[in-house]
Amino acid sequence: PEDEAYPPLLRSIGDAPSVLYVRGGFEPRDLQAVAIVGSRKCSFYGREQSERFAALLAGAGVTVISGGARGIDSAAHRGALSHPLGRSIAVLGSGLDVPYPPENVGLFNDLAGHGAVVSEYPFGAPPTPENFPRRNRIISGLARAVLVVEADIRSGALITARLAADDQNRPVLALPGKVD
């Protein structure tokens with residue numbers, strides 16, 4: 001956290017990771033970031049809206065943060081990258097050399113070129129279930145606000161929302177059903 005390249009918003013949270021592994025890089029404009037989180041088993045509508053909101057945010061110069069997971073997260077990253085100047089950052093629950101889910105390897109490569117893929121876990125760390133709730137504090141910690149698109153009552157997305165609201169004093173937004 002003492003390194004000048006360490007993200008300032010993340011430095012401000014109570015339990016900031018002592019080390020971050022990064023593929024790609026951070027830019028000053030990443031200070032204007034919104035996290036988009038939601039269900040891995042999302043509806044077509046949720047995936048579509050996640051991608052749409054991310055593209056609109058990217059078009060406004062906002063960096064999109066998410067967890068790189070299937071469903072809403074992947075759609076958010078793809079939406080941000082669909083804009084010519086879009087940036088997105090994925091926070092993994094594994095080491096950078098153990099991309100999870102494996103079908104997102106291509107997406108993670110694209111993110112490293114137009115944003116970053118980050119993890120607090122060392123190389124070789126597997127994607128164990130306990131890693132994901134812990135990495136959620138980084139997702140919200142890198143963002144100015146968190147948008148929940150779809151989430152089950154006991155989901156990682158709601159863990160991220162609670163961390164943002166209760167521990168990090170960040171606004172939490174929700175997509176309230178059909179907006180189109």
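Quick caveat: nothing in here was measured; it's all calculated off a predicted structure.
- A salt bridge (charged side-chain N to carboxylate O under 4.0 Å, His left out) check over residues 80-108, counting only residues at least two apart or in different chains, returns the pairs E27-R87, D30-R87, R70-E103.
- The closest side-chain heavy-atom distance from Y121 to V98 is not below 4.5 Å.
- Expressed to the nearest 0.5 Å, how far NE2 of H114 lies from CG of N109 amounts to 11.0 Å.
- Taken together through direct or relayed side-chain contacts under 4.5 Å among Ile, Leu, Val, Met, Phe, Trp and Tyr, V22 and L31 form parts of separate hydrophobic clusters.
- Connection of V64 to V179 is established within a shared hydrophobic cluster, with ILVMFWY side chains joined at heavy-atom distances below 4.5 Å, either directly or through further cluster members.
- When all heavy atoms are compared, the tightest approach of A112 to R23 is CB-NH2, 3.8 Å.
- Classified by interplanar angle (parallel below 30°, tilted 30° to 60°, perpendicular above 60°), the ring pair F123/Y21 is perpendicular.
- The shortest distance between side-chain heavy atoms of L20 and P7 falls below 4.5 Å.
- At least one donor-acceptor pair under 3.5 Å links the side chain of H77 to the backbone N or O of G68.
- In this structure, R135 is not positioned above the aromatic face of Y100 in the sense of NZ or CZ being under 6.0 Å from the six-membered ring centre and within 45° of the axis.
- Rounded to the nearest 0.5 Å, atoms CD1 (I72) and CD (E48) are 10.5 Å apart.
- Residues I138 and V148 share a single hydrophobic cluster, defined by chaining ILVMFWY side chains whose heavy atoms lie under 4.5 Å apart.
- A distance-only check finds no donor-acceptor pair linking the side chain of R170 to the backbone of V146 [under 3.5 Å].
- Across all their heavy atoms, G71 and C42 have their closest contact at CA-SG, 3.7 Å.
- Between the side chains of Q49 and R52, at least one donor-acceptor pair of N or O atoms lies under 3.5 Å.
- Tracing side-chain contacts under 4.5 Å through hydrophobic residues (I, L, V, M, F, W, Y), one reaches L10 starting from V118; they form part of the same cluster.
- For D166, the CG atom sits in a packed shell: over 12 heavy atoms of surrounding residues, nucleotides or ligands are nearer than 6.0 Å.
- Remark: side-chain polar atoms of T160 are not paired, donor with acceptor, to backbone N or O of S140 under 3.5 angstrom.
- Under the 4.5 Å side-chain criterion, counting only non-hydrogen atoms from C-beta, I139 is not in contact with L163.
- With hydrogens and angles disregarded, no donor-acceptor distance shorter than 3.5 Å links the side chain of S66 to the backbone of A90.
- One finds no salt bridge joining D167 and R137 here, because no Lys/Arg side-chain nitrogen approaches an Asp/Glu carboxylate oxygen to under 4.0 Å.
- For P101 against A69, the heavy-atom pair with the smallest separation is CD-CA, 4.0 Å.
- Between A145 and L173, the closest heavy-atom pair is CB-CD1, 4.3 Å.
- I36 is listed as a side-chain neighbour of L57, based on a closest heavy-atom distance under 4.5 Å.
- One finds the CG atom of L111 at 10.5 Å from the CZ atom of R78 (value rounded to the nearest 0.5 Å).
- The two residues A80 and A54 make their nearest non-hydrogen contact at N-CB, 3.6 Å.
- The main-chain N or O of L9 is never found under 3.5 Å from a side-chain atom of R144 such that the two would form a donor-acceptor pair.
- Listed here is the closest heavy atom pair of A174 and P176: O-CD, 3.2 Å.
- In the hydrophobic cluster analysis, where Ile, Leu, Val, Met, Phe, Trp and Tyr join through side-chain heavy atoms closer than 4.5 angstrom, Y45 is grouped together with L147.
- Here the side chains of N104 and S74 are in contact, with some heavy-atom distance below 4.5 Å.
- When side chains are defined from C-beta on, V34 does not count as touching F53, because their heavy atoms never get closer than 4.5 Å.
- Judged by distance alone, the side chains of S43 and E150 do bring a donor and an acceptor atom under 3.5 Å apart.
- S50 contributes no side-chain N or O that, together with a main-chain N or O of R47, makes up a donor-acceptor pair within less than 3.5 Å.
- For the pair N131 (side chain) and P126 (backbone), a donor-acceptor distance under 3.5 Å is present.
- Not a single donor-acceptor pair under 3.5 Å links the side chain of D110 to the backbone N or O of L81.
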